[in-house]
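Quick notes on the structure that follows.
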Protein chains: 2
Amino acid sequence: MKDRSLDTAVKDSKAPAIARAAAILRLLGRSEVPKGLQPIARELGLVPSTCLYVLRALLEEELVSLDTATKRYSLGPGVLSLARHWLHRDPFASLAQPVLNDLATRFAVTCIGVEISGLDRITAVAVAEGAGNFRLSTEVGSRFPALLSATGRCIAAFGGHDMERLRPRFEKLRWDNPPDFALWSEQVLETRAQGYAADVGHYIAGVTVMAAPVYRTSETPSHALVALALSRTLDEKARLRLGKALVGGAQTVTRQLGDM
Amino acid sequence: MKDRSLDTAVKDSKAPAIARAAAILRLLGRSEVPKGLQPIARELGLVPSTCLYVLRALLEEELVSLDTATKRYSLGPGVLSLARHWLHRDPFASLAQPVLNDLATRFAVTCIGVEISGLDRITAVAVAEGAGNFRLSTEVGSRFPALLSATGRCIAAFGGHDMERLRPRFEKLRWDNPPDFALWSEQVLETRAQGYAADVGHYIAGVTVMAAPVYRTSETPSHALVALALSRTLDEKARLRLGKALVGGAQTVTRQLGDM
DNA sequence: ATCTTTCATTCGATATAGTGAATACTATTC
DNA sequence: GAATAGTATTCACTATATCGAATGAAAGAT
């Protein structure tokens with residue numbers, strides 16, 4: 001399970017140590033248990049000595065911690081500290097939270113606020129869970145491919161991209177019930193028309209995802225409000241109401257982001 | 001405001017790019033607004049070109065994000081993702097949470113679970129707030145000097161350190177009402193005797209902090225449960241009860257950590 | 001207890017990351 | 001509209017971070 005992305009990132013970079021460091025952090029994050037030097041180096045295709053120097057530097061910064069008895073490395077508390085600062089500094093997270101809470105309780109759905117960074121991935125930066133016996137849940141910090149599901153249609157619809165150029169990325173996505181490109185294009189047009197996107201069972205069978213775009217400054221959406229629910233709890237009428245509510249919430253947040 | 005720690009960390013390191021990267025991340029975290037290349041380089045005493053390469057590498061890893069219009073850098077969503085993995089992976093956070101919730105509601109205090117990493121700093125990794133009109137609050141990811149307040153006395157009391165060797169670190173601490181070293185030593189002994197520590201108004205005037213140690217494997221505490229309250233809401237009798245409850249909770253968590 | 005295997009760590013040679021000056025670009029001032 | 005002051009960015013040289021082999025330390029097997 002060698003990290004292919006590492007090779008390309010290290011090559012031609014003027015600071016390859018950082019790509020290696022990030023790969024190590026991701027690896028340690030993925031891993032259930034603390035890992036020794038050798039396994040880390042092997043999995044990432046690094047020279048052990050180099051890997052050791054990187055780990056020592058990360059240790060120094062408290063981004064990884066070392067069990068001195070067993071010489072096993074794991075993520076350090078420094079990453080928490082960074083995340084705290086991130087949340088503090090990002091106005092979207094705090095502005096979106098009350099809106100998400102409201103939507104989550106009113107419609108008994110799980111709501112998340114996501115940051116859109118390019119066409120690659122989106123990151124959940126705020127979550128709110130409604131009541132109900134069975135809830136779909138995620139955590140702050142979860143990441144998803146950008147073009148997937150309802151959020152993907154929002155990005156495609158409002159991002160000002162040429163559909164044909166999105167096609168190669170679209171082809172790579174993994175859905176439970178993948179729409180073909182023609183259907184997807186149609187759904188994107190629909191999204192543009194109604195102002196919000198809906199994904200009924202395509203991404204995850206039995207789950208409905210809806211999303212509306214939020215704009216920070218530019219014309220392309222920087223964030224989105226997303227709602228998740230079991231499809232059987234949302235009929236077409238409920239979807240319509242939820243869609244309108246999402247758009248309303250998204251506009252509120254967009255407006256508030258503008259005044260800052 | 002040049003980061004002194006950077007100079008020493010870069011020197012003699014075999015991966016200085018990482019120290020620089022971490023310094024940049026911390027700087028961007030501290031900063032209220034996104035920053036351009038030059039200010040970053042200036043504040044950290046870096047050569048702009050080097051700084052640019054580091055930023056580009058961090059950008060590649062999505063640990064910082066760049067507003068392409070204004071060329072301003074800020075922390076990226078990747079740090080959230082790392083933090084999520086950290087929380088997922090750390091058994092203490094999830095084991096301590098219910099205990100903290102329970103203590104917080106029963107005593108109407110704010111409870112936090114902290115990780116102790118060495119003698120330098122502790123990091124809050126779980127938080128629970130009780131009811132009450134005025135609550136003291138912190139967030140997950142906040143960091144404090146290790147020897148400060150009640151937690152500091154715990155570390156000194158149960159960490160197996162020689163008191164005289166702690167003295168230089170003790171002298172550097174900043175308290176609202178600093179105890180002198182003799183008094184502090186006495187309080188450390190008292191902590192060792194009763195199993196928990198109490199700080200009544202020393203660290204922050206008008207605030208009482210109490211703490212009990214949690215052990216992962218070794219004989220020195222790896223974590224602690226901490227309770228915070230306004231001093232006027234906690235008389236001596238309440239402190240005694242809360243102290244006992246903290247010790248009980250800490251023992252529960254210690255036991256559960258052992259079975260893994 | 002001895003041999004193997006596997007691990008972390010050190011160390012010298014060399015490809016290359018970091019530097020600082022030069023360049024290109026973009027706002028701001030006159 | 002030209003000049004200035006500030007910015008980001010490129011580029012070639014060189015100090016040095018990275019590599020790979022060698023060493024040392026520990027765990028496992030016989």
Side-chain angles (χ1 to χ4, degrees), chain A residues 2-3 5-25 27-28 31 33-61 63-74 76 217-218, chain B residues 2-3 5-25 27-28 31 33-61 63-74 76 217-218:
Chain A
K2 189 171 151 197
D3 196 328
S5 69
L6 188 52
D7 300 39
T8 52
V10 163
K11 230 166 187 250
D12 311 327
S13 165
K14 290 278 187 180
I18 289 163
R20 286 191 261 261
I24 289 176
L25 291 176
L27 176 68
L28 291 176
S31 159
V33 294
K35 275 180 133 65
L37 168 64
Q38 209 99 254
I40 296 171
R42 210 173 318 117
E43 282 191 57
L44 297 174
L46 294 177
V47 175
S49 55
T50 303
C51 189
L52 177 67
Y53 297 137
V54 172
L55 279 167
R56 285 226 256 253
L58 289 171
L59 213 51
E60 185 76 22
E61 307 299 334
L63 294 174
V64 311
S65 51
L66 167 64
D67 183 332
T68 43
T70 63
K71 309 253 168 138
R72 294 286 132 91
Y73 298 84
S74 54
T217 51
S218 49
Chain B
K2 189 172 151 196
D3 197 328
S5 69
L6 189 52
D7 302 37
T8 51
V10 164
K11 227 161 189 254
D12 310 327
S13 166
K14 291 279 187 181
I18 289 163
R20 288 190 261 260
I24 289 176
L25 291 176
L27 176 68
L28 291 177
S31 159
V33 293
K35 276 181 134 65
L37 168 63
Q38 210 101 257
I40 297 171
R42 211 173 315 119
E43 282 190 56
L44 296 174
L46 293 178
V47 175
S49 54
T50 303
C51 189
L52 177 67
Y53 295 137
V54 172
L55 280 167
R56 286 227 254 255
L58 289 171
L59 213 51
E60 186 76 22
E61 307 300 334
L63 294 173
V64 312
S65 51
L66 167 63
D67 183 332
T68 42
T70 63
K71 309 256 168 134
R72 293 288 133 89
Y73 298 84
S74 54
T217 50
S218 50

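Residue numbers start from 1 in every chain, and the chains themselves are labelled A, B, ... in the order their sequence lines are given, proteins ahead of strands. Heavy-atom basis, side chains included; hydrogens, waters and symmetry copies ignored.
R42(A) has no side-chain polar atom (N or O) that falls below the 4.0 Å cut-off from OP1 or OP2 of dA8(C). Note on R56(B): every side-chain N or O is 4.0 Å or more away from OP1 and OP2 of dA17(C). At dG6(D), none of the side-chain N or O atoms of Q38(B) fall inside 4.0 Å of OP1 or OP2 (strictly under the cut-off). Between R20(B) and dA17(D) there is no side-chain polar atom (N or O) within less than 4.0 angstrom of OP1 or OP2. The phosphate of dC11(C) (OP1 or OP2) has no side-chain N or O of K14(B) nearer than 4.0 angstrom.
At whole-Å resolution of the value, CG in L59(A) and P in dT9(C) are 10 Å apart. Separating the CG atom of L52(A) from the C1' atom of dG20(D) is a distance of 14 Å, rounded to the nearest angstrom. Taking atom NZ of residue K71(B) and atom C1' of nucleotide dT9(D), one finds them 8 Å apart after rounding to whole Å. A straight line from CG of L44(A) to P of dC19(D) spans 12 Å, rounded to a whole angstrom. Taking atom CG on L55(A) and atom P on dC7(C), their separation rounds to 15 Å, with Å as the unit.
We find the CD-OG distance between E43(B) and S31(B) to be 8.0 Å, quoted to the nearest 0.5 Å. Here I18(A) contributes atom CD1 and L59(B) contributes atom CG; the two are 11.5 Å apart, rounded to the nearest 0.5 Å. The distance from atom CG of L28(A) to atom CG of L63(A), rounded to the nearest 0.5 Å, is 11.0 Å.
Of the listed nucleotides (dT9(C), dG20(D), dG20(C)), dT9(C) has the atom at the smallest distance from the side chain of P48(A).
Comparing P39(A) and A15(A), the nucleotide of DNA chain C nearest to each residue sits closer to the 5' end for P39(A). Each of V47(A) and A69(A) was matched to the nucleotide of DNA chain D holding its nearest heavy atom; the match closer to the 5' end belongs to V47(A). Summary of the strand contacts: Y53(A) and L37(A) both lie near DNA chain C, and taking for each the nucleotide with the nearest heavy atom, the more 5' one is attributed to L37(A).
At least one side-chain heavy atom of P48(A) sits under 4.5 Å from a side-chain heavy atom of Q38(A).
No option in L46(A), V64(A), L52(A), L55(A) other than L55(A) meets the side chain to side chain contact (heavy atoms under 4.5 Å, CB included) test with I40(A).
In the interface, the side chain of S49(B) is paired with the base of dG20(C) through a donor and an acceptor atom under 3.5 Å apart.
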